[in-house]
Amino acid sequence: MQRAKLSFVTHLEAAIDGTRLPHDTIQTLHKDRPLWVRYDLEAVGRTVDAKQIAMRPPTLWRYRELLPLPEGAGPVTFGEGVTPLLPAPRLGEELGIEDLWIKDESQLPTGSFKARGLAMAITMAKHFGIRRVAIPTAGNAGGALAAYAARAGIEAFVFMPRDTPVVNQMECVAAGAKVYLVNGLITDCGPIVRKGTEQMGWFDCSTLKEPYRIEGKKTMGLELAEQFDWRLPDVILYPTGGGTGLIGMWKAFAELRALGWLKSEKKPRMIAVQSDGCAPIPRAFEAGDRFAKPWENARTCASGLRVPAAVGDFMILDAIRESGGLAVAVPESKIIEAMRSAIAAEGISICPEAATCVLAARKLVAQGRIARDERVVLFNTGAVTKYVETMPLDLPAIDDPHAVDYAALG
Ligand SMILES: *Cc1c(COP(=O)(O)O)cnc(C)c1O
């Protein structure tokens, strides 16, 4: 197959030891660890500037020179809109943060930011002529993969824990994926995919096991910078599972700095947040380790954070430390109430994963690790409507619509 040049990509680079790998063939891991996509940033800078980008349609593809989009090829897309960066004054007041913002990823296709990564990964899979993809998932990645694969005419196999939120199961089935419920966690689904790749002819779309999902997730950082007029905030709170988004944003900021597009030197402190029911990253951070030990008996209602072991653990921990940030665990038992009250405060469709960041913000303000007047961005990575089982409802009924007792309505 004739392959177009990937616009400004120069090569791939192994994150663990810097080995250069060619980008014109399919690549996965190097020494079982992820790859970075590297660009000729000088050429990017000569070709486009921030003003030109501002004039393009408001989708993640406006940053195409900083994405591995093959020249002349269209992306596999549903029109991934630039997501709103919303001021959150009422939640901010409750948390003691005067300048709080929520980057609301719940409005993306399939209701989570997984759309960013999988739009990119499937665009590249299609470019390489891949016909069958497979993914282990905690939920939303499967839903996004199923949708983008359908859009691209690629066959999709999805392996998820059997207690994955039912909406995730449904969206995969609806999009025509072959879906299997696995007695175990995402770390049990991973080997099923890995061992099956050869026999089944699958391409493995696991988090960070192909190089392009990071590039899609990187657009969160590009958008954030542009929305704040190319000045980065003081603090970013990020609900961390496999860590693609945190790693991707940190990469985005480095590329923007190299391009000279940032108007201030300020680096945000990256704060990775997990539930204390599955907190391998905070544990490794506290211990000063570069690699995280797998978490035993992982459990959390924030299903996207139920990742006991992450192949990019060192990339997450490196980014946090370089940024002067930290990793925190918050109580599992408080997530749903924090989610409910944050949604009630702002009306934004906040998912359980992002609710961990609300708890983290409260804790860090109380500890003096976030100052009241700092600019803080909290990532809302998905829509609450995907988690129907997390909020048991017991609503009062009106049995006779013609005889309403208004005094009892409260
Ligand atoms: C996957 C997921 C996360 C974790 O994202 P990573 O970038 O893999 O750390 C957080 N929130 C939601 C809703 C998710 O689906």
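Only this structure's heavy atoms are used, side chains among them; waters, hydrogens and symmetry mates stay out. Remember, it's a predicted structure, so these values are computed and weren't measured experimentally.
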Indicate whether any N or O donor in one side chain lies under 3.5 Å from an N or O acceptor in the other, for [X] and [Y].
| X | Y | result |
| --- | --- | --- |
| E353 | T381 | no |
| T77 | E80 | yes |
| T164 | Q169 | no |
| W101 | D99 | yes |
| E215 | Y63 | no |

Check the surroundings of atom [atom1] in [X]: do more than 12 heavy atoms from other residues, nucleotides or ligands lie under 6.0 Å from it?
| X | atom1 | value |
| --- | --- | --- |
| K363 | NZ | yes |
| M200 | CE | yes |
| E93 | CD | no |
| D32 | CG | no |
| R299 | CZ | no |
| E322 | CD | yes |
| E265 | CD | no |

*Using salt bridge (Lys or Arg N to Asp or Glu O under 4.0 Å) as the criterion, point out the one residue from R38, K251, R33 that pairs with E13.*
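For E13, the salt bridge (Lys or Arg N to Asp or Glu O under 4.0 Å) test succeeds with only one of R38, K251, R33, which is R38.
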Check whether any side-chain N or O of [X] sits under 3.5 Å from a backbone N or O of [Y] as a donor-acceptor pair, and report yes or no.
| X | Y | value |
| --- | --- | --- |
| E346 | R90 | yes |
| N380 | I102 | no |
| N168 | G142 | no |
| R64 | L69 | no |
| T197 | F203 | no |
| Q27 | L35 | no |
| R131 | G153 | yes |
| K386 | T110 | yes |
| Y39 | L66 | yes |
| Q227 | P84 | no |

Charged N to carboxylate O under 4.0 angstrom, [X] versus [Y]?
| X | Y | result |
| --- | --- | --- |
| E223 | K103 | yes |
| E226 | R62 | yes |
| E105 | K114 | no |
| D163 | R306 | yes |
| E374 | R369 | no |
| E337 | R340 | yes |

*Which pairs pass side chain to side chain donor-acceptor pair (under 3.5 Å) with one or both residues in residues 231-244, sequence neighbours excluded?*
D229-R231, D234-K266
*Pairs in or reaching into residues 43-56: which pass side chain to side chain donor-acceptor pair (under 3.5 Å), with residues at least two apart or in two chains?*
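Every side chain to side chain donor-acceptor pair (under 3.5 Å) pair that includes a residue of residues 43-56, provided the two are not neighbours, is R56-E65.
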Would you check if [X] and [Y] make a side-chain contact, meaning some heavy-atom pair closer than 4.5 Å?
| X | Y | answer |
| --- | --- | --- |
| P294 | T187 | no |
| M339 | C351 | no |
| W36 | L12 | no |
| D17 | H30 | yes |
| D318 | R290 | yes |

_Using side chain to side chain donor-acceptor pair (under 3.5 Å), reason through E332 and T300 one step at a time and then give a plain yes or no._
CA-CA 6 Å; E332 174 65 24; T300 170; 2.6 Å; yes
*Under 6.0 Å between ring centres, would you say that holds for F113 and F379?*
no
*Taking the six-membered ring for Trp and the full ring for Phe, Tyr or His, determine whether the centres of W230 and F253 are under 6.0 Å apart.*
no
*Between atom CG of L60 and atom CZ of R116, what is the distance when rounded to the nearest 0.5 Å?*
6.0 Å
*OG1/T28 to CZ/R194 distance, rounded to the nearest 0.5 angstrom?*
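CZ of R194 is found 11.0 Å from OG1 of T28.
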*asked:* Using a 6.0 Å distance limit plus a 45 degree cone around the ring axis, check whether R132 lies over the aromatic ring of F157.
replied: no
*Mind checking whether F291 and F314 have parallel, tilted or perpendicular rings, split at 30° and 60°?*
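Rings of F291 and F314: tilted, as their planes differ by 30° to 60°.
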*With W250 as reference, evaluate E255, M315, M270 under the side-chain contact (heavy atoms from CB on, under 4.5 Å) test and give the passing residue.*
M270
*asked:* Show the nearest heavy-atom pair for residues D104 and T83, with the distance to one decimal.
replied: O-CB, 3.3 Å
